[in-house]
Amino acid sequence: MLPSLDSLAEAVINSFFDPRQLLDEAFNALPNLQDVAFHLGFRKGIEKRRAVLPPPIEVLNVLGFDTDWKRMKAPARIQVERSWSDERIRHSLRRLKAKLSVDISDRPPSSRPEGMPHRSPLSRQDTHDTRSSSMIVPWDRSVVRSSAGSNDRPDVHSPTSYRIEVWMSTGLNATTRADIRHLQRSYLPPQASPVHEWLTIMLHRRAQSAFRYIFTYSAHQVQVPLLSVVHMSTPASYHPALVLHDFELLNAAHALLKHLIADGADPRFQPPQRRSNQAGLIDEQYAHENNTTPPARAIQRTLAPSGSWRRVLVLPDDARVDVAEVQDPSQPTQVAIDGKVVGLYRTLPRSLALVISAVGTPHEHSAEHVPKFPLLEILAPAAADATAPATISIPDLWAIVYTLHTLLHTQETIPVVLDDPALHSLYYRTPSRWRLPPTPPSHSGWPDNPVHHHEHPSPSRRPAKRSPPPTSTVEASKRLAAWTAVDRHILPEHKVIGIGSGSTVPYVVERIVAQGKKVNKDRVFIPTGFQSKELIVNAQLLLGDVDQYPVIDVTIDGADEVDHDLNCIKGGGGCHLREKVLAEAADTFVLVADYRKNSSVLGTMFKQGIPIEVVPFAYTKILQNLHLLGSPNAVLRMAKAKAGPVVSDNGNFIIDAPFPEEMMKDPYTLLTRIKMLTGVVEVGLFCHMAKAAYFGNQDGSVTIKWHDGRVEQVRADKSPLVEKPQPVLSVPDPAPAPAADPSHGSAKAPPPATAAAAANAPAEPATKAS
Ligand SMILES: O=C(CO)[C@H](O)[C@H](O)COP(=O)(O)O
């Protein structure tokens with residue numbers, strides 16, 4: 001429930017100049033930052049109520065971003081002269097509309113103002129500010145006020161400029177959400193455990209958590225978030241990286257490790273108490289480090305050198321973690337557990353530290369800013385020796401993270417980047433040492449669970465108008481997938497529903513209609529293109545658009561091919577721009593397809609290439625660039641019944657770009673590379689977006705691949721079609737897989753296999769428009 005604007009305005013007024021209180025209020029009341037931004041920044045109503053904007057708060061690097069990150073933030077600046085009175089400052093702030101960033105700067109003071117400490121109590125940032133004029137200084141109101149007219153002698157420690165900025169995100173966008181899912185899958189153990197849950201919740205809600213932690217930390221001047229997701233761009237790669245910062249990581253790593261190594265006796269996770277010992281380490285577990293008999297399952301720090309190795313940790317299961325002597329920090333240094341090298345780490349070039357530490361600050365992409373700490377990257381052993389393992393197990397990874405923190409604990413911040421492509425295939429192994437029985441994945445999953453079937457009476461039990469049975473196995477399996485997905489995901493409480501494109505989607509609409517007029521009357525349906533708009537209108541459902549409903553409960557869409565990670569190729573029908581917008585807007589995005597689309601590597605079944613929507617005037621250049629990128633056969637998609645190219649619903653051209661299998665194995669990297677080409681509007685690769693993919697099978701069963709890696713089979717006798725067995729399921733398939741045919745529409749339309757079938761065939765559901 002959102003609070004009323006009145007109560008929020010009240011909170012804002014009452015907490016003026018008290019950022020902690022303000023944000024606490026806001027966070028208690030609002031579900032996410034988007035709403036904070038909206039209510040505090042963008043509502044004129046607040047202004048009318050004479051509320052003020054949020055006071056200056058230093059918030060750095062709070063959120064992940066994407067290439068459009070600027071759109072996610074609402075910076076605004078106000079210059080405040082030191083001589084201004086409180087009233088005048090307030091007045092100016094009140095006038096600042098629809099903005100969330102406040103930058104207060106003044107001329108360099110000629111002197112240290114009266115009452116101003118030699119170093120502000122929050123002085124670590126100050127010293128940075130004097131050097132680079134770019135770091136954010138906490139605003140001490142009394143400093144601003146009292147500075148005018150002082151004749152005190154200059155103070156080298158006083159900042160020469162006060163610059164205060166407030167950055168609030170307007171929320172996570174779906175790309176970032178997809179990144180988080182990807183990272184969560186890559187770096188956390190695939191099991192339902194309290195620690196796992198805790199970490200995933202932190203990932204998902206990192207905006208809020210980060211904010212909270214920033215406030216906790218700001219008292220200690222540690223202005224870093226717990227986690228951020230950034231897109232790392234290096235000449236070789238462009239992909240999301242999880243950047244783990246600071247002490248909270250230590251807690252997380254510690255807890256996770258403890259849990260991973262524990263024999264299951266410690267099911268409830270409590271973040272460790274934070275108590276610093278003399279070395280500045282969190283010592284909940286280290287109180288015993290001088291004891292001869294360590295308690296069971298404590299992680300012990302032991303910084304003993306032994307030859308060219310240094311023992312850093314003894315893990316709760318007595319495994320020893322050793323780190324090789326660092327020769328050259330930029331070269332990979334080995335980390336071994338029980339004498340076996342499990343990973344490497346190295347210090348990345350300073351330019352990357354600059355990139356990462358500027359994320360979310362105004363200095364992003366600029367060189368003004370001086371990175372405070374080097375950035376460490378964790379690599380799989382194969383990075384140094386091709387014959388060594390190319391993967392790191394999740395427990396080992398966290399052991400390395402923890403080891404690095406133990407080694408480098410004197411740093412205020414220890415950014416660690418996990419972004420090596422080899423790490424994308426982190427595996428979860430359970431050798432005896434880790435004693436972790438793999439927990440069978442729970443059906444309930446987290447947080448966006450599959451629906452509770454029992455709460456939702458299947459529409460098949462209601463009298464519903466049925467369209468005639470499909471005439472081929474392929475069509476029957478499309479319907480099977482569509483119906484099963486609708487039954488499971490379109491629940492009575494879902495009011496805004498995205499309808500995708502393609503030949504499977506008519507069955508989705510059919511099943512939704514079968515849920516009855518009563519439930520559908522207060523639903524609105526958002527189309528992904530001309531075809532789905534027609535379907536919605538013809539079914540007499542209420543049509544809406546995504547600009548009216550930017551948040552969709554569920555979007556169901558077809559796909560051209562789906563891999564094991566639920567990455568998929570879409571856009572065979574040229575609708576992938578709108579499809580992606582609707583997929584991103586949806587809380588739950590579900591794919592439906594027949595068995596031919598179920599694949600392990602994209603491009604093996606759907607060979608015509610990745611559909612890429614481009615602005616028309618740039619197509620030749622983009623084709624050239626795609627050839628260079630690794631797709632020499634990329635072509636402009638030509639229309640069938642018209643001379644010239646296919647023109648999308650958005651007036652753009654479509655290019656089909658087949659890439660070699662090696663590149664298709666890492667669709668996310670490929671997606672980001674193609675997307676970076678100027679003139680590309682959208683790429684038909686949907687990575688880590690779907691929650692589930694439903695495939696209808698030839699035998700009447702349904703295979704469901706879930707986003708967390710589970711694969712579920714719905715037996716034929718449990719399928720929604722079973723009530724009324726479909727008569728024609730034995731007609732052979734038209735083709736094992738969609739052929740490489742640039743005219744997607746005709747390639748997909750399933751030809752009736754026999755003349756008899758064709759004669760009996762009732763009107764086929766609409767195929768996509770091309
Ligand atoms: O992405 C699409 C259109 O742009 C379609 O969803 C995709 O091509 C699958 O279509 P079909 O269900 O006909 O195989």
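Indexing begins at 1, ligand by ligand and atom by atom, following the structure's order.
Interface of Glu579 with ligand 1, defined as ligand atoms under 4.0 Å from a residue heavy atom, comprises 1 (O), 2 (C), 3 (C), 4 (O), 5 (C), 6 (O). Under a 4.0 Å criterion applied to the non-hydrogen atoms of Asp557, ligand 1 contributes the atoms 6 (O). For ligand 1, the atoms lying closer than 4.0 Å to a non-hydrogen atom of Gly574 are 4 (O). If you number the atoms of ligand 1 from 1 as listed, the ones under 4.0 Å from a heavy atom of Lys597 come out as 11 (P), 14 (O). Proximity to Thr504 (heavy-atom distance under 4.0 Å) selects the following atoms of ligand 1: 12 (O). Here is the list of ligand 1 atoms found below 4.0 Å of a heavy atom in Ser503: 11 (P), 12 (O), 13 (O), 14 (O).
In this structure, the side chain of Lys521 does not engage the main chain of Leu541 through any donor-acceptor pair within 3.5 Å.
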From CA spacing to verdict: side-chain contact (heavy atoms from CB on, under 4.5 Å), Asn567, Leu685: CA-CA 7 Å; Asn567 302 311; Leu685 280 172; over 6 Å; no
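Between Tyr595 and Phe695, the distance from one ring center to the other does not fall under 6.0 angstrom. Note: Phe589 and His707 fail the aromatic proximity criterion, with ring centroids not under 6.0 Å apart.
Using a cutoff of 4.0 Å between basic side-chain nitrogens and carboxylate oxygens, Arg511 and Asp487 are scored as salt-bridged. Checked for salt-bridge contact, Arg578 and Asp649 miss the test: no charged N lies under 4.0 Å from a carboxylate O.
Note on ring orientation: taking the six-membered ring where Trp is involved, the planes of His489 and Trp706 are tilted (angle from 30° to 60°).
Counting heavy atoms only, Ser501 comes closest to atom 5 (C) of ligand 1 of the residues Gly684, Gly573, Ser501.
If you look at Val505 next to ligand 1, there are no close heavy atoms at all, none under 4.0 Å. The part of Ala559 lying near ligand 1 is the backbone, judged by heavy-atom distances below 4.0 Å.
Residue-environment remark: CD (Gln540) stays at or below the threshold of 12 foreign heavy atoms within 6.0 Å.
At under 3.5 Å, not a single nitrogen or oxygen of Gly502, backbone or side chain, sits near a nitrogen or oxygen of ligand 1.
For Lys478, the heavy-atom gap to ligand 1 stays at 4.0 angstrom or more.
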